[in-house]
There are 2 protein chains.
Amino acid sequence: MNKATESDTEGRRERKRRETRERIQQAAMGLFLERGFDATTVDEIAERADVSKRSFFDYFPTKEEVVFAWQDRFADHLMEAIASRPAEEPAVKAVQHGLVSALVSATDERSLALTELVRNTPALRARDHLKYAKLEAKLTEGLKARAKGAAEEQRMRLLAAIVMGALRVGGERWNEQPPGASLEEFAHHFFADFWVTLAAFGEEGSKA
Amino acid sequence: MNKATESDTEGRRERKRRETRERIQQAAMGLFLERGFDATTVDEIAERADVSKRSFFDYFPTKEEVVFAWQDRFADHLMEAIASRPAEEPAVKAVQHGLVSALVSATDERSLALTELVRNTPALRARDHLKYAKLEAKLTEGLKARAKGAAEEQRMRLLAAIVMGALRVGGERWNEQPPGASLEEFAHHFFADFWVTLAAFGEEGSKA
DNA sequence: GATGATCTTGCACTTGGTGCAAACATTCAC
DNA sequence: GTGAATGTTTGCACCAAGTGCAAGATCATC
């Protein structure tokens with residue numbers, strides 16, 4: 001059955017299935033970007049991908065899922081990036097650098113179009129926020145893996161939530177940035193400011 | 001012709017409409033809790049509320065909306081609670097106390113059942129997270145109203161995001177609490193710990 | 001090439017949701 | 001009161017998402 005890697009033991013069947021899945025995804029994204037999500041029917045997607053409507057649902061459980069399928073890779077990449085940070089690095093720094101690294105390598109042409117699509121489609125926004133929740137869960141997992149002791153794990157849960165907040169707010173600020181700006185540089189400044197603000201909030205909340 | 005029942009401006013028309021809306025909501029929630037969200041059809045809800053299916057959609061845009069309609073009140077309550085805090089109180093404290101106050105007054109029998117329902121229904125979870133986003137937006141708004149200057153407003157945006165994170169994590173911890181515990185007391189301890197942790201993260205992130 | 005496993009498809013069906021126009025109720029002006 | 005204007009409810013036809021099922025097409029293997 002399934003051996004080590006893809007190309008080695010991938011028979012005709014598996015190859016075709018993968019190809020079909022990609023063809024459907026391609027067809028769907030093309031149509032979504034052309035006419036919008038709501039104005040595209042599953043029948044049309046199936047038509048363009050040259051499969052039946054029934055088969056479409058054999059590859060993707062819902063129409064929405066086609067849009068969000070690729071995003072799973074970001075979470076995985078983030079996990080890797082964090083895991084590969086030196087163990088002695090403080091968690092806050094590890095997560096910052098892991099996040100920026102995953103972000104930089106995920107910012108391609110397609111992603112931007114996707115983001116735009118989601119922003120313009122109310123029906124997709126709810127699902128989009130679920131993605132944040134899933135990402136936060138994965139982030140928590142990744143951070144807990146580095147933690148020692150239960151108390152530390154609790155703190156990591158909190159750190160994940162806070163960093164996700166930073167990610168959302170950072171995204172907003174980034175969108176207000178003039179085009180062509182350096183993402184890494186922006187992120188560096190944003191995080192520097194972020195930690196300072198965090199410390200200020202923390203101190204103010206702690207006293208009295 | 002007894003008009004002076006409670007409100008001068010509410011004629012028969014408006015009263016009936018409000019009553020019908022409440023009847024639908026009641027019928028829907030009853031059925032959802034009895035058999036679950038997915039296993040309840042709009043036809044059944046309409047049947048029990050003694051209106052046509054078509055009329056159901058005249059009162060609620062979607063089946064989901066019936067579940068989330070009441071929750072809007074929480075956001076409003078939170079806004080009020082924050083607005084009514086003394087102006088000289090630091091923002092972090094104002095938001096903490098406002099949140100706890102809104103939370104305490106929102107914890108009734110029905111809300112708990114609702115929360116449970118959402119948790120057990122995948123189809124509702126996405127929408128639930130959208131609710132968090134909306135709440136964060138309102139919170140941002142409420143905090144910015146207290147801010148002076150653009151820099152302060154940016155910090156408030158960040159504070160809103162962070163506090164929403166605290167709300168989510170706090171909710172998780174609260175669910176692990178033995179039943180019968182005091183929500184106010186729990187919140188007090190949680191926030192005390194929260195600010196300290198925040199300060200620690202902030203400091204660690206700031207150095208180097 | 002026969003055989004069993006897997007993939008694809010067509011078809012019928014359920015459900016959520018919308019547009020429309022006719023029927024009905026309420027309000028208000030005379 | 002009569003009647004027009006306006007708002008509400010309903011039935012009906014319709015579209016699109018999604019599912020279960022069974023028959024037919026493909027594929028791996030012996």
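Proteins get letters first, then strands, A, B, ... in listed order; numbering begins at 1 in each.
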Between CZ of B:Phe57 and C1' of C:dC20 the distance, given in whole Å, is 17 Å

Report yes or no: is there a donor-acceptor pair, N or O only, under 3.5 Å between the side chain of B:Arg54 and the base of C:dG17?
-> no

Determine, stepwise, if the pair B:Trp195 / A:Glu204 fulfils side-chain hydrogen bond (donor to acceptor under 3.5 Å, both in side chains).
-> CA-CA 8 Å; B:Trp195 299 125; A:Glu204 203 156 38; over 6 Å; no

Nearest whole angstrom, please: distance from the P of C:dG17 to the NZ of B:Lys53.
-> 9 Å

Given C:dT8, is OP1 or OP2 found less than 4.0 Å from the side-chain N or O atoms of A:Arg17?
-> yes

Would you jot down, in residue-number order, the residues of residues 31-41 of chain B having a non-hydrogen atom under 4.0 Å from DNA chain C?
-> B:Thr40, B:Thr41

N-O pairing of A:Glu34 and A:Arg48 below 4.0 Å = yes

Integer-rounded Å distance: C:dT9 P and A:Asp58 CG = 9 Å

Scan the side chains in residues 148-166 of chain A for donor-acceptor partners under 3.5 Å anywhere in the protein, sequence neighbours excluded, and list what turns up.
unit_1: A:Glu152; atom_1: OE1; unit_2: A:Arg155; atom_2: NH1; d: 3.4
unit_1: A:Arg157; atom_1: NE; unit_2: B:Glu172; atom_2: OE1; d: 3.0
unit_1: A:Arg157; atom_1: NE; unit_2: B:Glu172; atom_2: OE2; d: 3.3
unit_1: A:Arg157; atom_1: NH1; unit_2: A:Glu136; atom_2: OE2; d: 3.0
unit_1: A:Arg157; atom_1: NH2; unit_2: A:Glu136; atom_2: OE2; d: 2.9
unit_1: A:Arg157; atom_1: NH2; unit_2: B:Glu172; atom_2: OE2; d: 2.7

Atom-to-atom span, NZ of B:Lys63 to P of C:dT18 - whole angstrom = 14 Å

Return yes when atom CD of B:Glu44 has more than 12 non-hydrogen atoms of other residues, nucleotides or ligands closer than 6.0 Å, and no otherwise.
-> yes

Starting at CD of B:Glu44 and ending at P of C:dT14, how long is that distance when rounded to a whole Å?
-> 13 Å

OP1 or OP2 of C:dT26 sitting under 4.0 Å from any side-chain N/O of B:Lys16?
-> yes

C:dT18 C1' sits how many Å from B:Glu65 CD, rounded?
-> 17 Å

Using a heavy-atom cut-off of under 4.0 Å over every strand shown, decide if B:Phe60 touches base, sugar-phosphate, or nothing.
-> nothing

Outermost nucleotides of DNA chain D that come under 4.0 Å of a non-hydrogen atom of chain A = D:dA16 to D:dA28

Side-chain donor-acceptor pair under 3.5 Å between B:Asp108 and B:Ser111, yes or no?
-> yes

Geometric class of the B:Phe60/B:Phe56 ring pair [parallel <30°, tilted 30-60°, perpendicular >60°] | tilted

Taking the six-membered ring of A:Phe37 (Phe, Tyr or Trp), confirm whether the NZ or CZ of A:Lys63 is under 6.0 Å from its centre and within 45° of its axis.
-> yes

What distance separates A:Tyr59 OH from A:Ile45 CD1, expressed to the nearest 0.5 Å?
-> 15.0 Å

With a 4.0 Å cut-off on heavy atoms, is B:Phe56 in touch with a base, just the backbone sugar-phosphate, or nothing at all?
-> nothing

Separation of C:dT18 P from B:Tyr59 OH (nearest whole Å) | 17 Å

Which class fits the ring pair B:Tyr132 and B:His129: parallel under 30°, tilted 30 to 60°, perpendicular over 60°?
-> tilted

